[in-house]
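The structure appears right after this line, and notes come after that.
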Amino acid sequence: MTTDVHQHIWPPEFLALLRSRTAPPRLDGWTLHLPGEPPYAVDPADHDIAARTRLARTDGLDLALVSLSSPLGIEYLPPAEAAPLLTAFHDGALDLPAPFGVWASACLSAPEPDTEALRRELARGCVGLQLPATALLDAAGWDRCAPLLDIAAEHDKPLFVHPGAAPTLPQLPLGGAPIPPPPQADAARPLSTAQPTAPAWWPALVPYVQQLHASWFAFRAFGRPRHPDLRVCFAALAGLAPLHGERLVARGGGRDRGRVDYRAFYETSSYGTRAVDALVRAVGIDVVVSGSDRPYAAPVLPDLGADAAVHALRHANPARLLGPTKGARP
């Protein structure tokens with residue numbers, strides 16, 4: 001089964017709720033507003049279900065897994081705001097035609113994670129749980145999310161770690177020098193009409209990668225000991241964190257270097273042959289899975305020198321990540 005484990009589609013009701021909001025995350029027509037990123041012009045075709053279905057078929061996919069866009073920050077909205085958005089996403093995504101499957105998401109702003117909501121979405125057919133990397137940056141994060149991870153393990157479903165919301169950037173008044181945000185500003189509300197100083201690619205290259213680095217090392221130190229059998233997949237090759245093995249050894253943390261964790265997978269979106277080849281040399285090919293992050297990036301098939309390698313990335317490895325059901329809906 002040819003699989004892309006990382007795509008995004010916003011169903012119609014989810015789009016309508018984003019447009020109804022007066023604070024980020026919100027849509028103004030087709031312009032997306034987030035606290036930590038510049039306004040983003042959304043292409044309507046990116047969320048046209050018929051067009052995306054045709055595109056998935058053109059890509060030769062038997063299964064394309066869609067997930068909530070965690071950089072929107074919906075998981076951390078107050079529960080009363082997050083709940084209708086999560087419901088609209090899950091309902092709409094689970095109604096998508098083949099070849100689409102769905103990662104479940106969870107509200108993380110409540111005092112305790114809603115494990116029953118996750119049970120319900122997994123029972124409805126979600127292939128596993130997606131969490132933002134910002135929820136898993138340290139021991140406290142892995143501990144707080146443990147009830148959700150236990151539910152995923154109980155259902156023999158994997159975890160997908162995706163970049164979360166970018167922090168609010170310093171602001172630049174027109175014609176002036178950068179100024180800090182107002183004291184005690186609410187990160188979920190617009191700070192001003194000033195323009196962010198960083199270029200448009202900044203969130204994807206700096207905070208997203210930093211989040212993935214931290215969550216991967218936190219997984220090694222705290223997550224894996226607590227959840228020894230959980231299958232975990234890190235988006236974007238975990239920001240290439242596994243390539244720091246030599247530095248890890250030099251700093252005293254690499255006693256198990258050379259031992260491959262066959263339940264920890266790495267998805268390829270936004271990276272090409274050189275990065276994928278380097279990661280394969282660090283962790284082996286058996287734990288690398290193909291993902292594109294459509295519509296934000298096009299799929300790339302790395303040239304690893306053999307058709308068997310592409311088969312591993314697109315067929316065999318995703319099947320092992322997804323477990324016995326291989327992403328099939330009930």
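- The shortest non-hydrogen separation linking Leu240 to Ala275 is CD2-CB, 4.2 Å.
- Between His213 and His244, the ring-plane angle classifies as perpendicular under the 30° and 60° cut-offs.
- Between the CG atom of Leu85 and the CG atom of Leu17 there is a distance of 5.0 Å, given to the nearest 0.5 Å.
- Judged by distance alone, with hydrogens and angles left aside, the side-chain atoms of Arg231 form a donor-acceptor pair with the main-chain N or O of Asp156 at under 3.5 Å.
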Item checked: Leu63 vs Val127, side-chain contact (heavy atoms from CB on, under 4.5 Å): CA-CA, chis, key distance, verdict -> CA-CA 11 Å; Leu63 182 63; Val127 301; 5.6 Å; no
Item checked: Evaluation steps, side-chain contact (heavy atoms from CB on, under 4.5 Å), between Arg220 and Asp261 -> CA-CA 10 Å; Arg220 282 182 56 109; Asp261 183 343; over 6 Å; no
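- For the pair Thr87 (side chain) and Pro84 (backbone), a donor-acceptor distance under 3.5 Å is absent.
- Taking CD of Gln7 as the start and OG of Ser292 as the end, the distance is 4.0 Å to the nearest 0.5 Å.
- The OG atom of Ser109 lies 11.5 Å from the CD1 atom of Ile74; values are rounded to the nearest 0.5 Å.
- Put simply, the side chain of Leu96 does not reach to within 4.5 Å of the side chain of Arg52, judged on heavy atoms.
- Rounding to the nearest 0.5 Å places OG of Ser20 at 11.0 Å from CG of Leu15.
- Proximity of a side-chain donor or acceptor of Arg294 to a complementary backbone N or O of Ala297 within less than 3.5 Å is not detected.
- Using a distance-only test at 3.5 Å, with no hydrogens or angles considered, no donor-acceptor pair links the side chain of Thr2 to the main chain of Arg314.
- With hydrophobic clusters built from ILVMFWY side chains whose heavy atoms lie under 4.5 angstrom apart, Met1 shares a cluster with Val289.
- No side-chain heavy atom of Asp43 sits under 4.5 Å from any side-chain heavy atom of Pro295.
- Under the 3.5 Å distance criterion, the side-chain polar atoms of His90 are matched with a main-chain donor or acceptor of Leu86.
- Checking side-chain atoms of Arg247 against main-chain N and O of Arg251 turns up no donor-acceptor pair under 3.5 Å.
- For the atom pair CD of Glu13 and CG of Leu18, the computed distance is 10.5 Å after rounding to the nearest 0.5 Å.
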Checklist line | Candidate pair Thr3 and Asp62, rule side-chain contact (heavy atoms from CB on, under 4.5 Å), full reasoning | finding: CA-CA 6 Å; Thr3 302; Asp62 299 304; 5.8 Å; no
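- Leu137 and Leu159 sit in two unconnected hydrophobic clusters of ILVMFWY residues. Membership requires side-chain heavy atoms under 4.5 Å apart, directly or through other members.
- Using a 4.5 Å heavy-atom cutoff, the side chains of Phe265 and Val5 are not in contact.
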Check: Would Leu322 and Leu65 count as a side-chain contact (heavy atoms from CB on, under 4.5 Å) if you check the C-alpha gap in whole Å, the side-chain angles of each, and the deciding distance to 0.1 Å?
Finding: CA-CA 11 Å; Leu322 296 174; Leu65 300 182; 3.9 Å; yes
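- By the 6.0 Å contact criterion, CZ on Arg19 is enclosed, its count of non-hydrogen atoms from other residues, nucleotides or ligands being greater than 12.
- Of the possible donor and acceptor atoms, none in the side chain of Arg119 sits under 3.5 Å from a partner among the backbone N and O of Asp114.
- Side chains of Leu108 and Arg144 form a contact here, defined as non-hydrogen atoms less than 4.5 Å apart.
- Under the 4.5 Å side-chain heavy-atom criterion for grouping Ile, Leu, Val, Met, Phe, Trp and Tyr, Ile285 is not connected to Leu301 through any hydrophobic cluster.
- For Pro24 against Pro35, the heavy-atom pair with the smallest separation is CB-CD, 3.6 Å.
- Under the 4.5 Å side-chain contact rule for hydrophobic residues, Ile49 and Leu27 share a cluster.
- By the 30° and 60° cut-offs, the orientation of the rings of Phe89 relative to Phe14 is perpendicular.
- Closest heavy-atom contact between Ala50 and Asp48: N-OD1, 3.1 Å.
- Under the 3.5 Å distance criterion, the side-chain polar atoms of Asn317 are matched with a main-chain donor or acceptor of Val288.
- In terms of heavy atoms, Gly125 sits closest to Leu94 at C-CD2, 4.1 Å.
- Listed here is the closest heavy atom pair of Thr273 and Pro302: OG1-CA, 3.5 Å.
- Ring pair Trp103/Phe160: centre-to-centre distance below 6.0 Å.
- Annotation: side chain of Leu55 is in contact with side chain of Asp59 (closest heavy-atom distance under 4.5 Å).
- The two residues Ala236 and Glu267 come nearest to each other via the heavy atoms N-OE1, 2.8 Å.
- With hydrogens and angles disregarded, no donor-acceptor distance shorter than 3.5 Å links the side chain of Asp4 to the backbone of Ala64.
- The shortest distance between side-chain heavy atoms of Leu68 and Glu75 falls below 4.5 Å.
- Under the 4.5 Å side-chain heavy-atom criterion for ILVMFWY residues, a single connected hydrophobic cluster contains both Leu205 and Trp202.
- How far CG of Asp293 is from OG of Ser67: 8.0 Å, rounded to the nearest 0.5 Å.
- With a 4.5 Å cut-off on side-chain heavy atoms, Thr134 and Tyr76 count as touching.
- Ring pair Tyr296/His8 is tilted by interplanar angle, where 30° to 60° counts as tilted.
- Using a distance-only test at 3.5 Å, with no hydrogens or angles considered, a donor-acceptor pair links the side chain of Gln211 to the main chain of Gly164.
- The aromatic rings of Phe234 and Tyr266 sit parallel, their planes meeting at an angle under 30°, below the 60° perpendicular limit.
- You'll find the side chain of Leu131 stays beyond 4.5 Å of the side chain of Val161, heavy atoms only.
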